[in-house]
Amino acid sequence: MSTPKPIDPNSVFALVANRDGEIFDHPEWLMLGAAGRNNRQPTSAELIPLPAGSRLFFLPDCPPLGWDRETRKKRPISRLKGVGNSGLQGVAAFLPPAYSRFLLPAVSYRNKEYTLPLWAYTAIGWSEDVGYVTTACRVDENRQWEPEYFDDHEVVAGVDKKLLRYPENRLIDHMSRCAVDYHCFAAKNFFLGRWECPLPVSPTCNANCIGCLSHQEEVEIKKGESCPASHERINFVPSVKELLEIALPHIEVAENPVLSFGQGCEGDPILQADRICEFAREVRKTTSSGTLNVNTNASLPKKVRAMATAGMDAIRVSINSARIDTYLPYYRPRGYAFADVLESLKEAKTGGLHLAINLLVMPGVSDAEAEVTALLELIDNYKVDQLQMRNLCIDPRQYCDLFDDEFANPIGIVNLLKRLKQEFPDLHIGYFNRFLG
Ligand code: SF4
């Protein structure tokens, strides 16, 4: 984790945008952030300059909150001299990969009658000395996912070459659209012949996550309770031949090759575990190189064990919480239980897989006392090798409304990271999957 230069929170001002999307800093009121439903000033340890590659968003009908030092109150900015007195909206940042968010934007949701699309909204403010500042830290020093390494001219040339070489391969055709139209960096890696390459394999899922990027229920979209999915799900199951035509040449030419099932453009690969097993056995007949990884909800323990036996190397299990009461309302599992996920962690370790947890982090929830205790226990009990800290992409208010729990005493994500490092010095905390050598 990098150590940013300290920024004084009392020098950081709240931001507001007008109807036309022009952004202004408040001349007096200071920046606030939100942890779940609670708004507070960030601490110096939480503030960094806004990282390059961040994007800014507006939150319509949600006036931002600022800290009025004179009255010592948190107040909504609903009018501002020289800016206007209606339609003022909140501003949020979306951070590039590798950054773990500490606070949500502090805004008033009172007049919001829509659901925000699936992005990870992050607090942002303005400092005269630094410019835009946010509340986050870099948790993974792997630079391979920086936009500068993805030259679209080279990607298109790679796409043309692969399509010509494998005209019948439906998965290469699918991934060419992922790379060129959806700008999926993992798909681009395949056409550039390096690093982590995706292998989407499953058109279906046995969960129904509120924030699923590849499927949202029509009826919920119509009611305004969710937004359309941002990724199109694959609509076929690739054959082993199609998978091998991607994986084997990639392992041969790529530096640090990782082959990953479980992508944003599919359901859950565990429902195609038999195909994955067949694939892994075939790969391992040819080569022992390359890391074979599956990103999954780990809902079927026996399938996890089978994949380990077949020659897979690593598993990354996604959870939003180590507690059943927080897991169920978000994942809405169909035909499996939270206990199955835990059983899968055991099977993964027994089967010799590298075990990563992909924690879908929400400030004010993931760092609440009970959540932290459960997470630490889970890491300890199952001897987790890596913890990936992923910012959960969802409307923050929609997420908090899922739970009866008030999520008491959040310690702050920054302190959660400290606790993890103290208690598990060997745990690899990061953001990306790893090449295991
Ligand atoms: S487990 Fe993954 S694919 Fe399945 S619903 Fe959840 S996010 Fe979507």
Side-chain angles (χ1 to χ4, degrees), residues 97 115-120 171 174-175 178 182 184 186-187 198-221 225-238 260-273 275-276 293-301 303-304 307 314-345 348 355-362 365-366 388-396 398-399 402-403 431-433:
T115 302
L116 286 163
L118 300 168
W119 296 90
L171 191 53
H174 170 87
M175 279 165 51
C178 296
Y182 291 97
C184 165
L199 290 172
V201 74
S202 178
T204 53
C205 189
N206 55 353
N208 187 17
C209 296
I210 303 281
C212 180
L213 296 175
S214 67
H215 179 75
Q216 291 290 318
E217 302 286 348
E218 277 306 318
V219 51
E220 289 175 4
I221 297 171
E225 289 170 3
S226 83
C227 281
S230 52
H231 293 54
E232 216 175 294
R233 254 189 203 177
I234 193 169
N235 59 8
F236 62 94
V237 179
S260 276
F261 295 97
Q263 300 296 322
C265 61
E266 63 176 313
D268 199 283
I270 201 143
L271 298 184
Q272 296 302 330
R275 177 91 13 129
I276 293 173
N293 170 62
V294 57
N295 304 317
T296 173
N297 62 23
S299 50
L300 307 172
K303 300 291 183 187
V304 169
M307 290 191 283
I315 187 169
R316 187 188 79 179
V317 178
S318 289
I319 50 173
N320 66 324
S321 167
R323 295 168 68 222
I324 185 169
D325 290 349
T326 312
Y327 179 89
L328 293 182
Y330 177 77
Y331 269 80
R332 302 187 291 185
R334 296 184 279 216
Y336 74 91
F338 184 60
D340 292 317
V341 179
L342 299 179
E343 183 63 21
S344 286
L345 303 184
L355 175 59
I357 293 291
N358 182 34
L359 185 67
L360 306 172
V361 178
M362 178 61 69
V365 175
S366 314
Q388 296 186 12
M389 298 283 290
R390 293 282 176 125
N391 305 317
L392 180 56
C393 290
I394 197 168
D395 182 322
Q398 180 191 17
Y399 190 67
L402 295 176
F403 312 107
Y431 196 97
F432 305 114
N433 287 327

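Positions are given from 1 along the sequence. The structure presented is a predicted model; accordingly, all values stated were derived computationally and were not measured. All ligand and atom numbering here is 1-based and tracks the order in the structure. Computation of the quantities below employed the complete heavy-atom set of this structure, encompassing side-chain atoms and omitting hydrogens, waters and symmetry-equivalent molecules.
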Task: Any donor-acceptor N or O pair under 3.5 Å, side chains Ser226, Gln216 - done: yes

TODO: Flag the pair Asp325 / Phe403 as yes when at least one side-chain heavy-atom distance between them is below 4.5 Å, and no otherwise.
DONE: no

- [ ] Kindly give the heavy-atom pair with the smallest separation between Gln263 and Ser260, and that separation in Å.
- [x] NE2-O, 2.9 Å

Open item on the list: Just to be sure I read this right, does ligand 1 sit under 4.0 Å from the backbone of Glu266, its side chain, both, or neither, counting only heavy atoms?
Closed with: backbone

TODO: Can you pull out the closest protein heavy atom to atom 4 (Fe) of ligand 1? Residue, atom name and distance to 0.1 Å, please.
DONE: Cys205 SG, 2.2 Å

Open item on the list: I need the contact type for Gln263 against ligand 1. Using non-hydrogen atoms and a strict under-4.0 Å cut-off, is it side chain, backbone, both or neither?
Closed with: neither

Task: Flag side-chain contact, heavy atom, 4.5 Å: Gln398 against Leu116 - done: no

Task: Side-chain donor-acceptor pair present, Thr296, Asp268, cut-off under 3.5 Å - done: yes

- [ ] Number the atoms of ligand 1 from 1 as they appear, then name those within less than 4.0 Å of a heavy atom of Arg233, with their elements.
- [x] 3 (S), 8 (Fe)

Open item on the list: Among all protein heavy atoms in this structure, tell me which lies nearest to atom 5 (S) of ligand 1, with the distance rounded to 0.1 Å.
Closed with: Cys209 N, 3.4 Å

Open item on the list: Within the 4.5 Å heavy-atom criterion, are Ile270 and Ile276 side-chain neighbours or not?
Closed with: no

Open item on the list: How far is atom 8 (Fe) of ligand 1 from the closest protein heavy atom, and which atom is that?
Closed with: Cys212 SG, 2.3 Å

- [ ] Output the list of atoms in ligand 1 that are nearer than 4.0 Å to some heavy atom of Gly267, sorted by atom number.
- [x] 3 (S)

